[in-house]
Amino acid sequence: MSATLPRRIALDVLRATRRGELADRILADRVDALEPRDRAWTWELVMGTLRLRGRLDARLAPHVRRGLEALDEDVLDVLRLGAYQLLEMDSVPRYAAISQSVELARAAGKARAAGLVNGVLRALERAPAPGVPDRIDAAWLAAEGSHPRWLVDRWIDRFGLEDTARLVAADNQRPELYLRPVGGSAERAAADLDRAGARAQVVELAPDAVRVEGLSPEQALAATPAVVQDPAATLVVRYAAVPPGARVADVCAAPGGKSLALAAEVALAAEVARGAAVEGGGGMERVEGAGGMVVAGDLSPARLSRVVEARERLARAEVLPVAMDARTPPLRDGAFDAVLVDAPCTGTGTLRRHPDGRWRLRPADLDALVEIQAAILDAAAALVRPGGLLVYATCSLENEENEAQVDSFLNEHDGFRVERGEDGLDDRLIDGHGRLRALPQHTGFDGAFAARLRREG
């Protein structure tokens, strides 16, 4: 007997994340040749193991005499994969979870550790599950909640203990599949998906998003023109509320979901405005621009290729991909009606969807990213025409990247001010300064922050 291919792929992906590669990207490449059932199983094993790594380590530690830190990294990852199968995957027989982990250790060239893997997992199988203490604390949230302690401590300072516990629990849920329709309404997309055999529902707090059950992402995208996108990202586009016929620059665009959605919104708004102008007898001269367009920029040509693929699939010719560094964009100053800075950030609002991020992130990364964000904002501000709009957004929950970043920008740029705009969003999503703020523990989906900054003419 040898370790199955899905398990060998799972270990290879965990190795890649230790080298700094992103789990979802490397996993998508590795499982492409598998049958759909094995593909889904492997995805669950890898992402689940990463999501609950802290909890798995806490459960494994009492059964490793020398401590987890003394183990070879491959052996430790084999134990984590086996523990996840034992504790979280009811479809895997317990004997198979253990015996396959032993074989996986051998396949990884760690035959001398096979006995240890067998013994530790058998001990874990017999051990009772720990109960919830009468009073939870930061240490328990970090271990059983499977988050780095430094991040838990930050959140407790920011949100309080109870809200942090809800946030940690939200991060540990399996992410659902959401689509953002492009060029049509969410209601129409839901009807398309229902006809294709899905259970589809428009998201109450994010009316441009559709929750999909019963179909794979590939099947769902074949049923209706859309992109896979969390409701939090759709909120940013709605909050941006770009004007009809606008020239838009999305300077950190890949993988392109917001660019495509912006292009569709701009074109649709222009059609509505043209119709209103004709009905009012004012003619086309009353509408600025004929249809608008979106420049989609990104530093990585490889990531930008995903924008091109999505554009071609959805026939959105209004999106123009440009490889560029957003800190020094090769675009003309004052040439755009709206500029979106979907800034590179810590991504602490997306740890459910990207669980490897919680283990890759370090406190020092926050300071470095804040500097990059400030530089991008400075460059993007110059692209906005007088009277135009600068939208700053992140998928972070951290004040330094969000509210404090915007406050710092406003202190240095007298010609900009925050405005809420007429976006139709629920008041619970807008803070007292008119900025978008969605938190996973309150919404059930990813975190998002955005601020509309109007350049005074």
Which residue in the set Leu116, Leu68, Val120 passes side-chain contact (heavy atoms from CB on, under 4.5 Å) when paired with His63?
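When side-chain contact (heavy atoms from CB on, under 4.5 Å) is applied between His63 and each of Leu116, Leu68, Val120, only Val120 qualifies.
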Less than 4.0 Å between a side-chain N and a carboxylate O, is that true for [Y] and [X]?
X: Arg59; Y: Glu88; answer: no
X: Asp407; Y: Arg435; answer: yes
X: Arg149; Y: Asp153; answer: yes
X: Asp74; Y: Arg18; answer: yes
X: Arg154; Y: Asp157; answer: no
X: Arg166; Y: Asp163; answer: yes

For the pair Phe409 and His413, name the ring-plane relationship: parallel under 30°, tilted 30 to 60°, perpendicular over 60°.
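Answer is parallel, since the angle falls under 30°.
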Determine whether the side chains of Thr348 and Glu398 contain a donor N or O and an acceptor N or O closer than 3.5 Å.
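A pair is found: one side chain offers a donor N or O, the other an acceptor, under 3.5 Å apart.
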Within the structure provided, determine whether Arg106 and Val102 are in side-chain contact (heavy-atom separation under 4.5 Å).
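Result yes, sub-4.5 Å side-chain heavy-atom pair found.
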If I compare all heavy atoms of His433 with all of Asp431, which pair ends up nearest, and what's the gap?
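For His433 versus Asp431, the nearest heavy atoms are N-OD1, 2.9 Å.
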Val13/Val31 under side chain to side chain contact (heavy atoms under 4.5 Å, CB included): CA gap, chis, key distance, verdict:
CA-CA 10 Å; Val13 174; Val31 303; over 6 Å; no
